[in-house]
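FYI, side chains are in, hydrogens and waters are out, and symmetry mates aren't considered; it's all heavy atoms of this structure.
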Amino acid sequence: MPFDVPRGRRKLARYLGPDEELWDERFTHYLHDDPGERGTTWLRLVPESLVANDLSYAVRP
């Protein structure tokens, strides 16, 4: 699937915040570099199974 810049911006903004000026340059390059030259593409992983572990812990007083 070809890389869609607006979609990429929405995904990154969700985790990095809306201000691109504050993003690490590694992430802004995904949006502004040529996807064909860089090889940027979307990847969908479909697991056959899922394992969840409870990693919570009790805080000592």
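When hydrophobic residues (I, L, V, M, F, W, Y) are linked wherever their side-chain heavy atoms come within less than 4.5 Å, the members clustered with L45 are L43.
The NE2 atom of H29 lies 4.0 Å from the CD atom of E25; values are rounded to the nearest 0.5 Å.
Listed by chain and number, the residues in a side chain to side chain donor-acceptor pair (under 3.5 Å) with D54 are S56 (sequence neighbours excluded). Shown here are the salt bridge (charged side-chain N to carboxylate O under 4.0 Å, His left out) partners of D4, two or more places apart in sequence or in another chain: there are none. Scanning for side chain to side chain donor-acceptor pair (under 3.5 Å) contacts around D24 gives R26, with sequence neighbours left out. Checked against side-chain contact (heavy atoms from CB on, under 4.5 Å), E37 has the following partners two or more places apart in sequence or in another chain: D34.
Across L12 and F27, no two heavy atoms sit closer than the pair CD1-O, 3.7 Å.
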Could you go through residues 15-22 and list every donor-acceptor pair under 3.5 Å that involves a side-chain atom there, pairing it with any protein atom two or more places apart or in another chain?
residue, atom, partner, partner atom, Å
D19, OD1, E21, N, 3.0
E20, OE1, H32, NE2, 3.2
E20, OE2, R9, NE, 2.6

